[in-house]
*Asks:* 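One structure, pasted below without further comment.
Each ligand, and each atom within it, is numbered from 1 in the order the structure gives.
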Amino acid sequence: MDTPTPQSRLDVLSLPLTALTALLVDSYGERPFRARQLYTWLHQRGETSFERMTDLPAAFRQRLAAVADVTPLVVDLEQRSMDGTVKYRFKTRDGRLIESVYMPSVDRRTLCVSTQVGCAMACRFCMTGTLGLQRNLTAGEIVAQVHEVNRRVALEEGLATTRPLTNLVFMGMGEPLHNFDNLKAALTILQSKEGPNFSHRHITVSTVGLVPMIERLGAETDVKLAISLNASHDGQRSELMPVNRKWNIAELMEACRRFPLRQGRRITFEYVLLRGVNDSDEDARRLVELLRDVPAKVNLIPYNDSPGLGFHSTGEGGAEAFREILATGHVAAFIRANRGRDIAAACGQLANRSGREAEATALNH
Ligand code: SAH
């Protein structure tokens with residue numbers, strides 16, 4: 001019999017509990033409760049060794065160990081920022097590199113999760129965008145980032161819990177809504193009570209504005225929505241974000257107005273401040289108009305240097321002036337603290353080096 005190659009091994013980590021149960025019952029003749037036991041080991045305790053799943057029968061464990069892959073990613077680089085941020089670089093089974101960013105603060109531990117290798121959206125100011133899309137991550141590769149960082153943080157900080165992370169933001173490499181099915185399966189797993197049991201209140205998915213997919217996100221999940229707006233009118237946005245030529249600002253805002261919001265919830269709008277490009281007083285006033293009838297909160301992101309792209313950050317004074325115009329227009333705005341800049345882990349900086357190395361790896365195959 002053929003030995004399965006890593007790629008062809010059974011991808012149990014990608015399966016929500018119902019799908020895992022169906023598989024084990026139909027193809028393996030196991031009882032449903034065995035699926036639940038296995039799922040709990042994988043997704044609640046983050047166990048990666050079948051050997052240690054001691055309440056499963058030995059024969060079942062051996063069979064799983066022979067066919068199943070539960071470690072689709074390994075950490076191959078860990079960089080620590082002076083501000084406590086940690087950037088983890090993972091290598092996939094096919095040698096691709098992705099990054100996740102851990103951001104501890106006084107009241108929460110947040111992980112910024114990647115959903116694709118590279119990105120197809122080609123936003124002009126973003127480093128990840130320069131890579132192009134290499135491939136989608138599987139649901140298993142998405143949840144493995146969370147499991148792996150949970151395990152490491154618990155170990156390092158000497159915590160008894162198997163789930164030290166409190167918040168997840170899908171703001172890493174890739175466009176989450178461009179990989180909707182795998183994102184949705186990953187959310188189902190991450191939010192399951194037999195798994196890590198993250199609350200919808202603590203998960204945010206950020207998008208460039210794929211309008212039809214925003215609708216699906218609202219209909220099929222209950223997580224929070226963030227929109228990378230980054231511009232105050234169509235000409236400007238189409239220049240910066242090619243996606244705007246497909247769905248313009250009016251269509252995007254209409255999708256936001258239709259997005260089902262739970263009581264008191266708001267949509268976060270991210271706005272990267274680019275000096276002399278989108279940071280004028282006029283821009284701020286147009287932004288107030290755009291957001292007039294949307295429950296919104298604006299995160300102003302100081303631009304992080306991405307060499308060669310030709311953009312520069314608005315200064316602190318300019319950012320504060322921009323924020324004040326929004327505040328005067330009754331739009332809640334916050335200047336986002338820059339984290340992990342010293343290790344190129346900040347917004348838009350993911351894949352600086354790893355991207356090029358990933359390409360080199362791909363060429364060597
Ligand atoms: N594709 C999704 C998820 C990535 S989020 C999305 O765009 O929403 C990454 C965020 O970083 C986006 O809001 C993007 O506008 C912002 N960004 C990209 N490059 C940046 C840079 N160099 N400095 C600051 N923010 C940047």
*Asks:* Classify the side-chain pair Asp342/Ser81 by whether it contains a donor and acceptor separated by less than 3.5 Å.
*Replies:* yes
*Asks:* When rounded to the nearest 0.5 angstrom, what distance separates CZ in Arg245 from CG in Asn248?
*Replies:* 13.0 Å
*Asks:* Between Glu99 and Arg89 (salt bridge meaning N to carboxylate O under 4.0 Å), is one present in this structure?
*Replies:* no
*Asks:* Do NZ/NE/NH1/NH2 and the carboxylate oxygens of Lys184 and Glu220 come within less than 4.0 Å?
*Replies:* yes
*Asks:* For atom 19 (N) of ligand 1, find the nearest protein heavy atom and state the residue, atom name and distance (0.1 Å precision).
*Replies:* Gly348 CA, 3.0 Å
*Asks:* Show me which atoms of ligand 1 lie under 4.0 Å from any heavy atom of Thr207.
*Replies:* 6 (C), 8 (O)
*Asks:* State plainly whether the residues Glu156 and Arg80 are in salt-bridge range, i.e. N to O under 4.0 Å.
*Replies:* yes
*Asks:* Strictly by modelled atom types, are Tyr39 and Ser192 linked by a side-chain donor-acceptor pair under 3.5 Å?
*Replies:* yes
*Asks:* Have a look at ligand 1 and work out which part of Phe125, if any, has a heavy atom under 4.0 Å from it: side chain, backbone, both or neither.
*Replies:* both
*Asks:* For atom 11 (O) of ligand 1, what's the nearest protein heavy-atom neighbour? Residue, atom name and distance, please.
*Replies:* Cys347 CB, 3.4 Å
*Asks:* Of Val272, Leu240, Leu274, which has the heavy atom at the shortest distance from atom 17 (N) of ligand 1?
*Replies:* Val272
*Asks:* Looking at ligand 1, would Met121 count as a contact under a 4.0 Å heavy-atom criterion?
*Replies:* no
*Asks:* Which of the atoms in ligand 1, numbered in the order shown and given with their element, are less than 4.0 Å from a heavy-atom of Gly172?
*Replies:* 4 (C)
*Asks:* If the threshold is 4.0 Å, N to carboxylate O, is there a salt bridge linking Glu141 and Arg135?
*Replies:* yes
*Asks:* Where's the contact between Ser306 and ligand 1, heavy-atom distance under 4.0 Å: side chain, backbone, both or neither?
*Replies:* side chain
*Asks:* Looking only at protein heavy atoms, identify the closest one to atom 23 (N) of ligand 1 and say how far it is in Å.
*Replies:* Asn304 N, 2.9 Å
*Asks:* Got a salt bridge between Arg237 and Glu239, using NZ or NE/NH1/NH2 to carboxylate O under 4.0 Å?
*Replies:* no
*Asks:* Please list, in number order, the atoms of ligand 1 under 4.0 Å from a heavy atom of Ile301.
*Replies:* 24 (C), 25 (N)
*Asks:* Please determine which of Asp283, Asn244, Asn230 meets the side-chain hydrogen bond (donor to acceptor under 3.5 Å, both in side chains) test together with Gln236.
*Replies:* Asp283
*Asks:* Looking only at protein heavy atoms, which one is nearest to atom 5 (S) of ligand 1, and what is the separation?
*Replies:* Met171 O, 3.5 Å
*Asks:* Just going by heavy-atom distances, which of Gly209, Cys123, Ser228, Gly174 is nearest to atom 7 (O) of ligand 1?
*Replies:* Ser228
*Asks:* Tell me, which protein residue and heavy-atom name are nearest atom 10 (C) of ligand 1, and how many Å apart are they?
*Replies:* Glu270 OE2, 4.3 Å
*Asks:* Output the list of atoms in ligand 1 that are nearer than 4.0 Å to some heavy atom of Cys126, sorted by atom number.
*Replies:* 18 (C), 19 (N)
*Asks:* Do me a favour and list the nearest non-hydrogen protein atom to atom 15 (O) of ligand 1 with residue, atom name and distance?
*Replies:* Asn230 ND2, 2.9 Å
*Asks:* Counting heavy atoms not belonging to Glu316, are there more than 12 under 6.0 Å from its CD?
*Replies:* no
